There are 2 protein chains.
Amino acid sequence: MLSYTEENYLKAIYHLSGSGAKAVLTSEIAETMNTRAASVTDMIKKLSAKNMISYEKYYGVKITRQGKAEALMVVRKHRLWETFLVQKLHFSWDEVHDVAEQLEHIQSALLIEKLDEFLEFPTVDPHGHPIPDKTGKFVEVRQIPLSDCSGKKKITIRAVRNGSPSFLQYLSKNGVYIGAIITILEKIEFDGSLEIMIDGKKKVFISREASQNLLVTE
Amino acid sequence: MLSYTEENYLKAIYHLSGSGAKAVLTSEIAETMNTRAASVTDMIKKLSAKNMISYEKYYGVKITRQGKAEALMVVRKHRLWETFLVQKLHFSWDEVHDVAEQLEHIQSALLIEKLDEFLEFPTVDPHGHPIPDKTGKFVEVRQIPLSDCSGKKKITIRAVRNGSPSFLQYLSKNGVYIGAIITILEKIEFDGSLEIMIDGKKKVFISREASQNLLVTE
DNA sequence: ATAAAAGTTTAGGGTTATCTAAAAAATTAT
DNA sequence: ATAATTTTTTAGATAACCCTAAACTTTTAT
Ligand SMILES: [Mn+2]
Ligand SMILES: [Mn+2]
Ligand SMILES: [Mn+2]
Ligand SMILES: [Mn+2]
């Protein structure tokens, strides 16, 4: 069984590796975990001893099949709890992350299955991120940044890339939400900002940065 | 702020002291916390330094006003979570304790207030124990063990004293639940067991041990 | 190709929470 | 009242996690 801290490291490695695809460097882990490289090296050895990652000195780590499965369960719990907080307790989407960081470590298989059922088996969390099922599978929809779109097609907002509270609040304030259907009215050459129409009734301006952090499907 | 472990010790001291009334001995704490006396002494010093308890060497500890307030918040969280697990996730009352032991340490004032609201401000948990409100107050109903009752009066089951899963399962199996209205049909002289009528329609035998662990109002 | 810079690991500590064994104090028994 | 017993505290270790500083390896620049 993994400790609270081991779970956090493993989840970070999973995300940094792009769902397990590529190797991750010590410095990248230190950066996201807000710790020193020396601490990361210590933890890498522990996770390696538990076969959660494979480690080659000076060349970073790769997550193992087993490690990926464990990481996916932490991600599942995080996203189910975020969904609970928003849908049942009426948190706003910018308030849930820190609480979910704690709740994701509660150890009880029964709890998470019952929570999943209570929420009626949601497939995405409040930020549009997929929720792995109990076997670790989730639907992958090909999403592109809004900044890569053009033309007058209907576009659906699917997820945020950066989930910082300030970005989420900015989106709420401008009426942008997961599931909204928009069209691009104009792309400003000068700064890359977009004028968009939301649900056919609300015109707003979205900065380039914002459009790069919104994932959509056309 | 208190650590996870400090919260557990403080809650144990609160319960052992009879809600803060009497002093608690090192050995009692060691017993309930499943640790050694030496570890308790260490923790006592920490909690004392944080003004949660007052400590006189060799004479045990007393919980302070501040310590009682902190302990009450942990108790509040524990009982709200147990209520959530039973009422919303359909756990049975014998399954909730260990999960609530973890959930009670989640740090988020917003979470607990929203949870309280979601549950519509319950006053007792699934075991009949009172839930302190956000200021730490709770209703104290004078309850007596069923074993102290006699006669044909209507008696209401209010709480369990011992919340062990096996006892709770025994009660469920025999149709005994919090809120049930019973009458004593017969008290067996020989072993102190009781024959009771539940809700005017079900006759069951309850051992002396069980009757001592059921708290009721007449 | 060599030197400088950047990144990683090792060495040596600090903190929290736990333990065992020994010392000290309080309680109980004679 | 003294001795035996029990309880509590202190002393000294260990494990998990994190740190700084120094050593080592890899990468980049000249
Ligand atoms: Mn999150
Ligand atoms: Mn999320
Ligand atoms: Mn409980
Ligand atoms: Mn309870």
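Values in this document were obtained by computation on a predicted structure and should not be read as measured data. The sequence lines fix the lettering, A, B, ..., with proteins before strands; numbering per chain opens at 1.
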Just to confirm, is there a sub-4.0 Å distance from OP1 or OP2 of [N] to any side-chain nitrogen or oxygen of [X]?
{"X": "S27(B)", "N": "dT8(D)", "value": "yes"}
{"X": "Y55(A)", "N": "dT9(C)", "value": "yes"}
{"X": "K57(B)", "N": "dA26(C)", "value": "no"}
{"X": "Y58(B)", "N": "dT6(D)", "value": "no"}
{"X": "R36(B)", "N": "dT20(C)", "value": "yes"}
{"X": "T26(A)", "N": "dG7(C)", "value": "no"}

Please check if atom CD in Q66(B) has more than 12 non-hydrogen atoms from other residues, nucleotides or ligands closer than 6.0 Å. yes
Among [options], which nucleotide has an atom closest to any side-chain atom of [X]?
{"X": "K45(A)", "options": "dC18(D), dT10(C), dT9(C)", "answer": "dT10(C)"}
{"X": "Y59(B)", "options": "dT25(D), dT27(C), dT9(D)", "answer": "dT27(C)"}
{"X": "A38(A)", "options": "dA21(D), dT20(C), dT18(C)", "answer": "dA21(D)"}

Looking across every strand, which nucleic acid part, if any, lies under 4.0 Å from [X] by heavy atom: base, sugar-phosphate, or nothing?
{"X": "T41(A)", "value": "base"}
{"X": "T5(B)", "value": "sugar-phosphate"}
{"X": "Y9(A)", "value": "sugar-phosphate"}

Which heavy-atom pair separates [X] from [Y] by the least distance, and what is that distance?
{"X": "R76(A)", "Y": "P132(A)", "result": "NH1-O, 3.0 Å"}
{"X": "H105(A)", "Y": "Q102(B)", "result": "O-OE1, 4.2 Å"}
{"X": "R142(B)", "Y": "T217(B)", "result": "O-CG2, 3.6 Å"}

Side chains of H97(B) and H78(B) only: does a donor on one sit below 3.5 Å from an acceptor on the other? yes
How long is the line joining [atom1] of [X] and [atom2] of [N], in whole Å?
{"X": "Y4(A)", "N": "dT16(C)", "atom1": "OH", "atom2": "C1'", "value": "16 Å"}
{"X": "L25(B)", "N": "dA25(C)", "atom1": "CG", "atom2": "P", "value": "18 Å"}
{"X": "I29(A)", "N": "dT8(C)", "atom1": "CD1", "atom2": "P", "value": "9 Å"}
{"X": "D42(B)", "N": "dT8(D)", "atom1": "CG", "atom2": "C1'", "value": "12 Å"}
{"X": "M1(A)", "N": "dA16(D)", "atom1": "CE", "atom2": "P", "value": "13 Å"}
{"X": "E6(A)", "N": "dA16(D)", "atom1": "CD", "atom2": "P", "value": "8 Å"}
{"X": "K50(A)", "N": "dA16(D)", "atom1": "NZ", "atom2": "P", "value": "8 Å"}

Which residue lies toward the 5' end of DNA chain D, E56(B) or S3(A), if each is placed at its nearest nucleotide? E56(B)
